[in-house]
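Below, read A as the first sequence line, B as the second, and so on, with proteins coming before strands; counting in each chain starts at 1.
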Number of protein chains: 2
Amino acid sequence: MYYSPMARAATTSDAFNAVAEPRRRDILSYLALQERPVGDIVVALGLEQPSVSKHLRVLKDVGLVRVRREGRHMLYRVNAEAIRPLHEWAGTFERFWRHQLQKVKERAEEKMTKV
Amino acid sequence: MYYSPMARAATTSDAFNAVAEPRRRDILSYLALQERPVGDIVVALGLEQPSVSKHLRVLKDVGLVRVRREGRHMLYRVNAEAIRPLHEWAGTFERFWRHQLQKVKERAEEKMTKV
DNA sequence: TTTACATATTCCCATATAAGCATGTATTAT
DNA sequence: ATAATACATGCTTATATGGGAATATGTAAA
């Protein structure tokens with residue numbers, strides 16, 4: 001078997017790769033409030049329709065959004081559950097940034113008492 | 001000026017793009033515990049040394065890690081503060097997945113009382 | 001059945017990898 | 001000064017975009 005370079009993981013490989021694209025984060029934030037048809041996203045974010053459809057495809061492939069049809073409209077909504085892994089991974093570092101802030105605070109207080 | 005397509009945002013454009021690569025998340029998790037030289041990461045994660053150096057370069061460029069030299073060793077450590085934006089963005093969806101879980105729970109309880 | 005509307009898909013192309021391999025650069029040891 | 005150690009960087013290559021433009025698909029309205 002020959003060498004096959006995985007230049008960069010596919011955007012559809014997981015939620016991390018999918019949300020790396022800023023427009024996709026914008027779309028998710030917009031959809032967070034409420035289920036919406038594609039056209040609304042196009043107008044709200046000022047993007048081209050094909051571009052929005054492609055981004056939605058990626059989001060759907062990784063389970064970050066769900067769709068249902070209503071007449072000519074495709075109503076997309078966020079599947080928040082799929083964002084949890086991201087939140088939890090980042091959360092494993094929470095105690096470290098708290099610790100860093102604590103040290104900054106301590107130094108500030110030390111400076112105050114010295115005055 | 002001509003059209004210049006940004007095929008995909010640079011891995012160094014922000015923390016979101018930097019952590020999209022699984023190996024870089026592995027490196028961050030490994031460094032979370034403690035400051036480490038490059039060689040330790042190579043051994044611990046079983047990657048090629050140039051590969052680790054390049055990943056560290058990306059992480060450093062977006063401020064996810066800091067370095068200091070100690071003799072021949074370059075000691076890398078996590079800058080947890082840079083992971084916060086990620087945690088906070090994902091956190092804006094927390095109430096939605098809680099809400100989803102709540103509905104699942106309610107349906108389950110409804111089913112129980114019906115029996 | 002045309003027509004209009006809403007969305008999805010295809011094709012093209014410049015760009016940015018990530019891994020492998022080779023080589024350059026510090027810094028310490030001999 | 002030379003060798004060895006620890007990293008960083010450069011080069012090549014196959015791959016996966018994301019935007020633009022055009023076109024296809026699906027549904028409802030006339």
Side-chain angles (χ1 to χ4, degrees), chain A residues 1-27 30-31 35-62 65-77, chain B residues 1-27 30-31 35-62 65-77:
Chain A
M1 200 196 243
Y2 287 103
Y3 154 66
S4 171
M6 178 96 69
R8 198 168 171 183
T11 56
T12 52
S13 58
D14 58 35
F16 286 92
N17 280 281
V19 305
E21 166 63 29
R23 269 64 190 275
R24 284 196 284 268
R25 289 201 298 281
D26 293 343
I27 290 174
Y30 179 68
L31 292 178
E35 184 180 53
R36 298 279 195 184
V38 180
D40 282 16
I41 303 173
V42 170
V43 172
L45 305 187
L47 303 173
E48 298 294 324
Q49 175 268 312
S51 181
V52 171
S53 282
K54 284 178 213 167
H55 283 314
L56 286 169
R57 178 74 141 85
V58 172
L59 293 173
K60 184 161 67 77
D61 285 354
V62 297
V65 298
R66 304 268 195 239
V67 213
R68 70 186 179 90
R69 176 183 283 284
E70 192 171 282
R72 289 188 285 211
H73 299 268
M74 293 299 273
L75 299 178
Y76 283 85
R77 63 184 182 285
Chain B
M1 202 192 238
Y2 288 103
Y3 154 66
S4 171
M6 177 97 67
R8 198 168 172 184
T11 56
T12 51
S13 57
D14 57 36
F16 286 92
N17 280 281
V19 306
E21 167 64 30
R23 270 65 188 275
R24 283 195 284 267
R25 289 201 298 280
D26 293 342
I27 291 175
Y30 179 67
L31 292 179
E35 184 180 54
R36 298 281 195 183
V38 179
D40 281 17
I41 303 173
V42 170
V43 172
L45 305 187
L47 303 173
E48 297 295 324
Q49 176 267 313
S51 181
V52 171
S53 281
K54 285 176 206 166
H55 282 314
L56 287 169
R57 177 74 140 89
V58 172
L59 293 173
K60 184 160 68 79
D61 284 354
V62 297
V65 298
R66 304 266 195 241
V67 214
R68 72 185 177 90
R69 177 182 283 284
E70 193 171 284
R72 289 188 285 211
H73 299 269
M74 294 298 274
L75 299 177
Y76 284 86
R77 63 184 181 285

Peer 1: Taking the side chain as every heavy atom from C-beta outward, state whether B:Glu21 and B:Thr11 have any atom pair closer than 4.5 Å.
Peer 2: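 B:Glu21 does not reach B:Thr11 side chain to side chain.
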
Peer 1: It should be established whether B:Arg24 places a side-chain nitrogen or oxygen under 4.0 Å from OP1 or OP2 of nucleotide C:dA18.
Peer 2: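 Looking at the OP1 and OP2 atoms of C:dA18, one of them is under 4.0 Å from a side-chain N or O of B:Arg24.
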
Peer 1: State the CE-CZ distance between B:Met74 and B:Arg68, to the nearest 0.5 angstrom.
Peer 2: 11.0 Å

Peer 1: Roughly how many Å is it from CG in A:Leu75 to C1' in D:dG26, rounded to a whole number?
Peer 2: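 Spelled out: CG on A:Leu75 to C1' on D:dG26 is 15 Å.
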
Peer 1: Pick the closest DNA chain D nucleotide for A:Glu21 and for A:Glu70 by heavy atoms, then say which residue is nearer the 5' end.
Peer 2: A:Glu21

Peer 1: Roughly how many Å is it from CE in A:Met74 to P in D:dT25, rounded to a whole number?
Peer 2: 16 Å

Peer 1: Nearest whole angstrom, please: distance from the P of C:dA6 to the CZ of A:Arg36.
Peer 2: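 Taking atom P of C:dA6 as the reference, CZ of A:Arg36 is at 15 Å.
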
Peer 1: Could you tell me if the side chain of B:Val65 sits less than 4.5 Å from the side chain of B:Lys60, heavy atoms only?
Peer 2: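 Result yes, sub-4.5 Å side-chain heavy-atom pair found.
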
Peer 1: Using whole Å, what does the distance between atom C1' of nucleotide C:dT7 and atom CZ of A:Arg68 come to?
Peer 2: 16 Å

Peer 1: Would you kindly give the NE2-to-C1' distance between A:His73 and C:dT7, to the nearest whole Å?
Peer 2: 10 Å

Peer 1: Could you check whether any side-chain heavy atom of B:Ile41 comes within less than 4.5 Å of a side-chain heavy atom of B:Leu56, counting everything from C-beta outward?
Peer 2: yes

Peer 1: Nearest whole Å is fine: how far is D:dT17 P from B:Asn17 CG?
Peer 2: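 Spelled out: CG on B:Asn17 to P on D:dT17 is 13 Å.
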
Peer 1: Quick one: is D:dA8 close enough that its OP1 or OP2 comes under 4.0 Å of any side-chain N or O from B:Tyr76?
Peer 2: yes

Peer 1: Is there a side-chain contact between A:Val58 and A:Lys54 in this structure, where contact means two heavy atoms from C-beta onward sitting under 4.5 Å apart?
Peer 2: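 No, their side chains stay 4.5 Å or more apart.
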
Peer 1: Using whole Å, what does the distance between atom P of nucleotide D:dA24 and atom CZ of A:Arg72 come to?
Peer 2: 20 Å

Peer 1: Could you tell me whether the phosphate oxygens of C:dT7, OP1 or OP2, come under 4.0 Å of any side-chain nitrogen or oxygen in A:Arg69?
Peer 2: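 For C:dT7, OP1/OP2 do not have a side-chain N/O of A:Arg69 under 4.0 Å.
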
Peer 1: Just how far, in rounded Å, is P of D:dA16 from CZ of B:Arg8?
Peer 2: 10 Å

Peer 1: Decide if atom CZ of B:Arg25 counts as having more than 12 heavy atoms of other residues, nucleotides or ligands within a radius under 6.0 Å.
Peer 2: yes

Peer 1: About how many Å separate CD of B:Glu35 and CG of B:Asp40, when rounded to the nearest 0.5 Å?
Peer 2: 11.0 Å

Peer 1: Any residue in residues 45-58 of chain A with a heavy atom nearer than 4.0 angstrom to DNA chain C? Just list them by number, or reply none.
Peer 2: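 Hits under 4.0 Å, by residue number: A:Gln49, A:Pro50, A:Ser53, A:Lys54, A:Arg57.
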
